[in-house]
Amino acid sequence: MKHSPITVSGVEVTPLCDAVGPMGPAIRLPLAEMFPGSDPADDQWVLHFHCYLLRDGAGRLTLVDTGIGGEDSPAAGWAPVPGVLTDELAAVGVTPADIGTVVLTHLHSDHASGAVTGGRPVFENARHVLQRAEVDSASGAVSDLLLTPLKDQLHVVEGQAEIAPGIHVQHTPGHTPGHQIARVGDLAITGDLVLHPVQLADPGIHYVYDDDQETAARTRTEVLAALRAERATIATAHFSEPFMRL
Ligand SMILES: [Zn+2]
Ligand SMILES: [Zn+2]
């Protein structure tokens, strides 16, 4: 376990550090091109790939995102595979079969690939929560490699939904059509709503790999403003420190 848990509204939230590394050359750009208009202090973007384990007072387990997956993952072309998510879970005494609910913030290869291995679901007892818009926009390899093996375990929601006691999801489109964040108490697990700290200073800064950069910037600006107003803490996918108080 590389990062320490926090407790929010009676739910223990443990960051699981699936991998750490730079983006591979297949898609890497200078940071000022990755985030046009930004002036990053450092051009070395070493990404962490975080998933989050939520354990409520009754011992129910929810996992938010499933990381980059194994050597044969679709993320292997650009992310530092293999991910170590199941080792991180084992370090806190959890096996994949213990997970009751998986929230996939979106279907990008570094967030969802760890949900399936060898054509079979990794979290065999878990419902997998996705937004309707994400399922409807999936096609090709994403559909074949992820949605087909998970089809009997999908729990599709639209917009805001309570997916486990005290745990909500919220539709935050732009990075992908059905991107969602997860909320517990004053914590927001933000997926790829915000990729790099430069977007906290200016949420209007685009990210070249957002599907719809205008919508993503609008969503990011609105959601971060609302989270700031409630002095929320964010739990990020790719920052080096998992938690940040806004
Ligand atoms: Zn980390
Ligand atoms: Zn993404």
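When a ligand or atom number is given, it counts from 1 through the structure's own listing order.
Ring geometry, H128 versus F123: the interplanar angle falls from 30° to 60°, so the pair is classed tilted. The aromatic rings of F49 and H238 stand perpendicular to each other, their planes meeting at an angle above 60°, with 30° marking the opposite boundary. Ring geometry for H50 versus H3: interplanar angle over 60°, hence perpendicular rather than tilted (30 to 60°).
Excluding waters, the set of protein N/O/S atoms under 2.8 Å from the Zn ion (ligand 2) reads H106 NE2, H108 ND1, H175 NE2, D192 OD2. Listed by chain and number, the protein N, O or S atoms at a distance under 2.8 Å from the Zn ion (ligand 1) are H3 NE2, C17 SG, H48 ND1, H50 NE2.
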What donor-acceptor contacts under 3.5 angstrom involve side-chain atoms of residues 91-100, with partners at least two apart or in another chain?
from, atom 1, to, atom 2, distance (Å)
T95, OG1, D98, OD1, 3.3
T95, OG1, D98, OD2, 3.2
D98, OD2, T95, N, 2.9

Can you give each donor-acceptor pair under 3.5 Å made by side-chain atoms of residues 137-152, sequence neighbours left out, with the distance rounded to 0.1 Å?
from, atom 1, to, atom 2, distance (Å)
S137, OG, A133, O, 2.9
S137, OG, E134, O, 3.3
T148, OG1, S143, O, 3.1

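Of the possible polar contacts, one joining the D65 side chain to the T105 backbone as a donor-acceptor pair under 3.5 Å is found. At least one donor-acceptor pair closer than 3.5 Å links the side chain of R245 to the backbone N or O of R231.
By the rule that hydrophobic residues join a cluster once side-chain heavy atoms approach within less than 4.5 Å of another member, V64 and V135 end up as members of separate clusters.
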Worked verdict on F35 versus W45 for ring-ring contact (aromatic ring centres under 6.0 Å, His included) = CA-CA 11 Å; F35 299 96; W45 189 20; 5.3 Å; yes

